[in-house]
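To start, the structure itself, in structure tokens.
Within every chain, numbering begins at 1; the chains are lettered A, B, ... in the order of the sequence lines, protein sequences first and strands thereafter. On a predicted model such as this, the values are computed, not experimentally measured, just so you know.
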Amino acid sequence: MAVHLVALVAAPAARRAAVLGRGELWVGTLDAVPDRVEALEAVDPGGDAVRFVWWAAGVDAHAAVARGARLSRCWDVAEAHRLIVGGWEATPQSAWATAHRLDRSRLPAASRGDLFDFSPTGHEPGPGGVVRADGYLAPEGGTAHWRPDDQTLLAWAQAALDCAARQEELLAQTGPRAVAAAHSESAAALLCVELARDGLPLDRARAEQLITEAAGPRPDSDAHAREIRAARDRVVLEQVPGHERTDLRNPVQVKELLASAGVDVPNTRKWVLEPFRETSGVVAALLDWRKAERIATTYGWGWLETHVGADDRLRGGWTACDGAAGRMTAQNGLHNLPTSLRPAVAAHPGHVFVRADLGQIEPRVLAAVSGDAALAAATRADDLYAPVAASLGVERPVAKVAVLAAMYGQRSGAAGEALKGLERAYPVAMGFLDRAYAAGLRREPMRTFGGRLIPLDTVLADVTVDGSREGRAEDVVAVPDPGRGTAGDTGRDSGRDSGRDSGRDAARGRFARNAVIQGSAAELFKAWAATVRATTRDLGAQIVLCLHDELLVHVPQEHAELTQQRVEQALTDSARRWTGSTAVRFVADASVISRWSEAKG
DNA sequence: GATTTCACGTA
DNA sequence: CGTACGTGAAATCC
């Protein structure tokens, strides 16, 4: 089957779009786009297919998706660019320059629209063109207020086709999976537009009930809101007479409040205060207050009002990859909704959810990306930690901690003995992790299994260490592992450094080690999601949530079982395609539920 | 007004 | 048992 590239580009400010390729040369209104693309999707029922090429799904596919068009294959230039160079910046001009091997640091500046704007350099494209004489793409193209004429929009479409073809060449040289990764990353970008359109089905009454329980009734005035807030505060403040004026939202004042009650703490974070919960009434009240305050401020009445539509769907923006390793992100609480609110996430009448999550995804991904045959053999088990524990001669919980420590931790401490066992049993996987850590120390960029660049030399050279982890990061310096000469602190960068990594260097090493696993897992997840999207659409199924290793699919209840089967089959198929073999087994726990809270955790 | 710090939710 | 992200309130910077 041949797949033909067809450009679909839009200029939203001009309310026009263009379709170019496969004999099609069309410019028209945004409203007319769905008919054009669906006609192209439908051609050659027994033979060829099309792959739509666009600069970025959020711009070029938005109008088609908003009007209900059903798109299948695509090439998203921005997502392909993010694979090639890492990070998140991905304008058409930048992607074009990279694809054409032009210096990306010398992009022509965008016009400012003022008197100083008119400073021709002799490179500007002629009328109806978008490519400059110096080879760069015109800076105006694709900007928010751009209003090209029809000929220019067609040139913009041609440029997208050209750019995609060159990206494919680059990716084919990057590695054996990079072109396939571009396909699934592109599908994820399209899925993101659909996720933003469709939203997450909610039971509004249940949401209101849960919010009321945590944050009080819906206030009917500002005064009422202040009253409810004061009542919530009072429960804590009355525990410490004489401190009724403390601002509980001010950490400094809270620290003083606790000190006056005999609780001396360096900060007032939950994990610091938790040990005092049993013995201190004010601490217990404060922690309960924090929980309620979180719901009230972040997931309360304002949130419901702002982000949940009249159709009882929670909506937020989605991105197909973050700036670090390539996970999907979502806004408005879609990715961090407290579990206590999950009962409110409910299938709508006549529908159910098929919920599925990938089991033990990260060690299984480690087996695949490292090519460790012994660890791959362990993935045959439903519970990977069982055969690992047997190999090491330890209890399962010890094996689990050891594996997680090897992948993310400081490789020392309590799990030390078991770690040595891992070195013997899975030397290929452990060596892979060591090399990732060492590459991080040396600021050498890495690539995920699918070929996404993980830059460690520029943006991420300054890894920020979260405040709550600072102590642990410094432990790496204070207590280097005596048991093993890690690749990190021995000699490899001995030229300038004395050999002992700083806390910051160690953080970068951990980041690198984490990013190749987390990023590769994100790629498999998106390949899975893209396959589910493609293979369940005929059942009326909608993917309504993607949560790193978990999918929530909203489907008419008569198709529940079939959808579940296809979700499971999709994992088998996409994992085989992604790894190129069946050596590593991936497992999904899938079930049919009505409320998200019914999922077994 | 923009940025940073603190805190905490999810995976 | 580490990493990543998004959000809000208050403090801080300019």
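For A:H62, there are no side chain to side chain donor-acceptor pair (under 3.5 Å) partners, not counting sequence neighbours.
Using a 4.0 Å cut-off between a side-chain N of Lys or Arg and a carboxylate O of Asp or Glu, A:D220 and A:R218 do not qualify as a salt bridge. Salt-bridge check for A:D589 with A:R355: passed, with a basic side-chain N closer than 4.0 Å to an acidic carboxylate O. With respect to A:E523 and A:R177, no salt bridge is recorded, no charged nitrogen being found less than 4.0 Å from a carboxylate O.
The listed nucleotides are C:dA10, C:dG2, B:dA7; the one nearest the side chain of A:R249 is C:dA10. Nearest nucleotide to the A:N250 side chain, out of C:dG2, C:dC5, C:dA11: C:dA11. The nucleotide whose nearest atom lies closest to any side-chain atom of A:D322 is, among C:dC1, C:dC5, C:dT7, C:dC5. With distances taken from any side-chain atom of A:T297 to the nucleotides C:dG8, C:dT7, B:dA7, the minimum falls on C:dG8. Closest contact between the side chain of A:R269 and the listed nucleotides C:dG6, C:dC1, B:dA7 involves B:dA7. When distances run from any side-chain atom of A:N332 to the nucleotides C:dG2, B:dA11, C:dT7, the shortest one goes to C:dT7. Set against C:dA10, C:dT3, C:dC1, the side chain of A:D247 has C:dA10 as its closest nucleotide. Considering only the side chain of A:R510, C:dT3 comes nearest among C:dA11, B:dC6, C:dT3. When distances are taken from the side chain of A:N267 to each of C:dT7, B:dA11, B:dA7, the shortest belongs to B:dA7.
The nearest whole Å value for the distance from the CG atom in A:N336 to the C1' atom in B:dG9 is 5 Å. If you measure from atom CH2 of A:W318 to atom P of C:dG6, you get 12 Å, rounded to the nearest angstrom. One atom, CD of A:Q331, and another, P of C:dA4, lie 19 Å apart when rounded to the nearest Å. For A:Y437 and C:dC1, the OH to C1' distance is 14 Å, given to the nearest whole Å.
In this structure, a donor-acceptor pair under 3.5 Å is absent between the side chains of A:N332 and A:W303.
Counting non-hydrogen atoms under 4.0 angstrom, A:Q518 reaches a base of the nucleic acid. A:A515 comes within contact range of no nucleotide atom at all, as no heavy-atom separation falls under 4.0 Å. Using a 4.0 Å heavy-atom distance criterion, A:I517 is classed as making no nucleic acid contact.
Counted within 6.0 Å of CD on A:E244, heavy atoms from surrounding residues, nucleotides or ligands total more than 12; the atom is thus considered enclosed.
When each of A:L547, A:D322, A:T319 is tested with A:R327 by the rule side chain to side chain contact (heavy atoms under 4.5 Å, CB included), just one qualifies, namely A:D322.
DNA chain B lies under 4.0 Å from at least one heavy atom of each of the following residues of residues 285-295 of chain A: A:R290, A:R294.
Residue order along DNA chain C, read from the 5' end via each residue's closest nucleotide, puts A:G333 first among A:P251 and A:G333.
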